[in-house]
Amino acid sequence: MQNVDKSTPSISEAQTLDTYQRWMKGEIGFFPVGPWDVSTYTKLDFDWDLIPYPVMSTGKTATWIGSLGIAVSQSTKHPDLAAKLAVYLSTNKEAQTSLWEAGVQVPNLIDMAEKDYATSAGKPENKAEFLDIVQDYGRPLPAATTWNGEWYDEFWTGIQPVLDGKKSAADYCKEVQPRMQQKLDAANQQAEQNR
């Protein structure tokens with residue numbers, strides 16, 4: 001899209017104003033968002049809403065999904081208080097309501113997400129799209145299922161020539177695959193050692 005039909009900003013154009021900034025100025029048609037973006041988008045000068053991710057040849061939409069984990073350190077001086085805070089932030093109805101009303105997250109409580117959140121007034125109008133992502137077509141990033149993400153990071157460290165149209169995606173994948181496999185094998189070995 002960037003190199004052939006020029007329907008997205010070029011690399012040099014993106015360096016002066018990235019796609020997020022272009023979205024915020026209303027210069028591009030759509031942009032991937034998460035629930036944490038909603039509070040910022042309420043200030044936009046144009047109307048916006050959520051849609052499923054555009055489909056490719058499969059005809060099925062898909063997107064990445066992420067989550068915020070709240071953990072308690074084993075070395076905390078106040079384990080009971082820390083655990084109570086984690087439970088409160090994760091499951092308390094009042095806390096969940098304040099977080100989704102602030103435009104920070106979709107409630108963890110399924111009934112609240114499906115009823116109160118999805119039918120609430122205000123932007124986005126199609127809040128159910130976030131629920132569809134969570135319950136249906138969202139997928140974890142590949143590195144989220146392994147001991148560490150170094151193998152996945154390896155893919156992105158040298159991708160710029162592909163994005164610039166100076167190297168084919170096929171050639172790059174052939175080149176980077178052995179390094180990725182080596183790092184994935186190391187991650188899997190770490191996982192085995194730490195069981």
Check for a donor-acceptor pair, side chain of [X] on one end and backbone N or O of [Y] on the other, with a separation under 3.5 Å.
| X | Y | result |
| --- | --- | --- |
| Thr61 | Val55 | no |
| Asp164 | Lys166 | no |
| Asp136 | Ile133 | no |
| Asn126 | Leu50 | yes |
| Thr42 | Ser39 | yes |
| Glu101 | Ser98 | no |
| Tyr172 | Phe155 | yes |
| Thr145 | Pro142 | yes |

What distance separates [X] [atom1] from [Y] [atom2], expressed to the nearest 0.5 Å?
| X | Y | atom1 | atom2 | answer |
| --- | --- | --- | --- | --- |
| Lys167 | Glu175 | NZ | CD | 3.5 Å |
| Thr157 | Met180 | OG1 | CE | 9.5 Å |
| Asn188 | Trp147 | CG | CH2 | 11.5 Å |
| Thr63 | Asp132 | OG1 | CG | 12.5 Å |

_Around atom CZ of Phe30, are there more than 12 heavy atoms from other residues, nucleotides or ligands closer than 6.0 Å?_
no
Notebook entry, point to check: CD of Glu94: more than 12 outside heavy atoms within 6.0 angstrom?
Noted result: no
Sorted by chain and number, sequence neighbours left out, side chain to side chain donor-acceptor pair (under 3.5 Å) with Arg179 holds for Glu154
Could you walk me through whether Thr40 and Tyr20 pass the side chain to side chain contact (heavy atoms under 4.5 Å, CB included) check? CA-CA 12 Å; Thr40 302; Tyr20 183 78; 3.8 Å; yes
| request: Run the salt-bridge test on Asp153 and Lys183 with the 4.0 Å N-O cut-off and return the result as yes or no. | output: no
| query | Taking 4.0 angstrom as the limit, do Lys127 and Glu125 come out as a salt bridge? | reply | no
Query raised in the report: Tell me, do Glu129 and Pro52 make a side-chain contact under 4.5 Å, heavy atoms counted?
Result: yes
Ignoring hydrogens and angles, write down the donor-acceptor pairs under 3.5 Å from the side chains of residues 103-111, residues two or more places apart or on other chains.
from	atom 1	to	atom 2	distance (Å)
Gln105	NE2	Gln96	OE1	3.1
Asn108	ND2	Ser90	O	3.0

- Message: Hydrogens and angles aside, do Gln190 and Glu150 bring a side-chain donor and acceptor to less than 3.5 Å of each other?
- Response: no
Checklist entry - Does a donor on one side chain sit under 3.5 Å from an acceptor on the other, for Gln181 and Asp185? => result yes
Determine, stepwise, if the pair Lys123 / Tyr41 fulfils side chain to side chain contact (heavy atoms under 4.5 Å, CB included). CA-CA 8 Å; Lys123 290 287 191 182; Tyr41 294 169; over 6 Å; no
Whether Trp23 and Phe31 hold their rings parallel, tilted or perpendicular, with breakpoints at 30° and 60°: parallel
